Amino acid sequence: MNERDSFSSKLGIIAAAAGSAIGLGNIWKFPYMAGENGGGAFIVVYLLATILIGYPLIYTEFAIGRNARSNALDAFSKVTKNKKFNIVGYLAVGTVFLVATFYAMIAGWVIYYFFLSLTGGLYDVQAGMNLPDHFTMVFDTMNTHVIWPLLGAIVAIASTGFINFSGIKDGVEKYSKILMPLLFVIFIVLIGYSTTLDGFKEAVTFLFKPDFSALTTRTVISAIGQAFFSLSLGMGLLATYGSYVPKSENIRTISRQVVIADTIIALFSGLLIFPAVFTYGGSPAAGPSLIFKALPQVFSQMPGGRWFGALFFLLVIVASVTSMISIFEIIITCLVEKMNFNRHKATLVVVAAVLVGTIINILGEGPWSSFTIGGMTIFGLLDYATNNITIPLTGALTAIVATWFWKYIKMEKELTSDGVYKSTAEGPFFFGLLKWVVPPMILVLILTSL
Ligand code: TRP
């Protein structure tokens, strides 16, 4: 994909946008966030945030990108012809860089677990040890041994960089179209197996029976941040990809499909992980290590589980790499257009910078784990600050820029491809929501949750 290239087909756009959206955010982050925040009530807020804020903001950011036809740093100032709004672009791209540094670490963990499942070593339980303790030990040992997460992260970053290097169309798009459906099928099979576990009922209650008394402002802002993170929103991705979308496409339709696909995979992940948590013991609030502790318990007990486990982790690797490609792509497009780097140089710079950031995160989980800020490790702090502060903030600013400064008529003109598609009744409704409700609500939530 060269600077002002276009996507070749509608399916290509959807595959790329959904490939970006569906990733660790759904499979790793959603379950642990839901688990930490009490389950059902969090999920209700998450779903509301996805439909009422995420969906209109996705098509808004897409429209800004297509109208501006530029990198994420300049898109917001270009559509409004106001240099001040560069700040939104810088916040978005800064955020996505921070996300990249811990995202690559988690992808590295998944790669480590893939190999450990393949060799069977993951399931060598010492006599007398129960399953939750065993898998906690495996996880902790990995982190203290720096070298394993580091190798995993290097593999993740290098393969991502390699694909960015050699272009997107023939690599990512081709593989995503095969592997993403395969992920879907594996999910169905594994959830089918999960329904037979003792803890399945309890998991469904936990996920879908909301206890609103557990709701705090922090839960609400976490759910909004999670919805944005999962949709790759507020980080310049949709502005970047939007710049490659031809005028002939209906942005609203594409956005709707991305939202649906992303939400289904998140809910599937919940249905997969919580039966394991409630069957074998372990805490739903285990945090970022949740899937690494809960799921292997299932694989260790099911027939052929070692192979299923390996296949599952392999598909998660694929889902993460398609997301990482899009994360890298945002920054690469900026370097190419702002610094006049060629694509290869830009890729190398991004790979090197992300690797350095990732190493800091890895050390922070291992040898430096006693170094904490506000009780959080370096990764914990980055995860919290991006999810609960900068991502919702950029989302709110995007809404402000679009509704107050770009304005309805111009936005609607872009969204309808200059009148080719009809304006829908939802247009004014969501516009009003983004103009009057979303920005003050998010700003208040961020401030009160701090
Ligand atoms: N949405 C991706 C996921 O769910 C992760 C992600 C976060 C991302 N921010 C992004 C992807 C920015 C691309 C661009 O895993």
Side-chain angles (χ1 to χ4, degrees), residues 13 15-34 46 49-50 54 57-58 61-62 65 71-73 75 89 91-110 156-157 160 163-164 168 172 176 180 183 223-244 255 258-270 288 291 315-334 350 354 357 382-383 385-395 398:
I13 302 166
S20 165
I22 297 172
L24 292 171
N26 312 58
I27 304 164
W28 156 75
K29 196 157 188 245
F30 173 77
Y32 95 73
M33 296 281 284
Y46 165 80
T50 299
L57 263 183
I58 285 195
E61 200 185 313
F62 246 144
N71 60 83
L73 290 177
L91 204 58
V93 176
T95 300
V96 91
F97 176 73
L98 296 180
V99 166
T101 65
F102 66 79
Y103 204 90
M105 175 177 77
I106 314 297
W109 292 355
V110 180
I157 293 170
T160 305
I163 298 171
N164 285 101
I168 291 195
V172 199
S176 308
M180 297 308 272
L183 178 71
I224 293 175
Q226 170 60 27
F228 289 9
F229 183 93
S230 186
L231 295 166
S232 309
L233 189 67
M235 286 163 277
L237 184 266
L238 297 148
T240 306
Y241 275 13
S243 74
Y244 300 120
S255 305
V258 171
V259 169
I260 292 170
D262 189 68
T263 308
I264 291 176
I265 296 292
L267 294 176
F268 270 14
S269 303
I291 74 160
L315 290 169
V316 178
I317 295 169
V318 172
S320 339
V321 169
T322 56
S323 298
M324 278 175 68
I325 293 161
S326 71
I327 294 179
F328 284 20
E329 190 62 37
I330 299 170
I331 312 174
I332 290 170
T333 306
C334 293
V350 173
V354 172
L382 289 178
D383 190 12
T386 51
N387 194 85
N388 289 31
I389 303 169
T390 64
I391 294 174
L393 182 62
T394 322
T398 305

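What you are looking at is a predicted structure, and each value in this text was computed from that prediction instead of being measured. Order of listing sets the numbers, starting from 1, for every ligand and every atom in it.
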With rounding to the nearest 0.5 angstrom, report the CG to CD1 distance, Asn26 to Ile264. 11.0 Å

Is there a donor in the side chain of Thr333 and an acceptor in the side chain of Thr240, or the other way round, less than 3.5 Å apart?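 Result is no, nothing qualifies.
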
Ignoring hydrogens and angles, state whether a donor on the side chain of Asp262 or Ser230 is under 3.5 Å from an acceptor on the partner side chain.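 Yes, a side-chain donor-acceptor pair sits under 3.5 Å.
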
Partner residues of Ala107 under the side-chain contact (heavy atoms from CB on, under 4.5 Å) criterion, sequence neighbours left out: Leu24, Ala156, Ser320, Met324

With the criterion set at N/O pairs under 3.5 Å, what does the list of contacts between the protein and ligand 1 look like, atom names and distances included?
residue  : atom   : partner : partner atom : Å
ligand 1 : 1 (N)  : Ser20   : O            : 3.4
ligand 1 : 1 (N)  : Ala21   : O            : 3.2
ligand 1 : 1 (N)  : Phe229  : O            : 2.8
ligand 1 : 1 (N)  : Ser230  : O            : 3.1
ligand 1 : 1 (N)  : Ser232  : OG           : 3.0
ligand 1 : 4 (O)  : Ala21   : O            : 2.7
ligand 1 : 4 (O)  : Gly25   : N            : 3.3
ligand 1 : 4 (O)  : Asn26   : OD1          : 3.2
ligand 1 : 15 (O) : Leu24   : N            : 3.1
ligand 1 : 15 (O) : Gly25   : N            : 2.8
ligand 1 : 15 (O) : Tyr103  : OH           : 2.5

As a quick check of understanding, evaluate side chain to side chain contact (heavy atoms under 4.5 Å, CB included) for Phe102 and Thr386, giving each step before the final call. CA-CA 11 Å; Phe102 66 79; Thr386 51; 3.9 Å; yes

Do the ring planes of Tyr103 and Phe229 sit parallel (below 30°), tilted (30 to 60°) or perpendicular (above 60°)? tilted

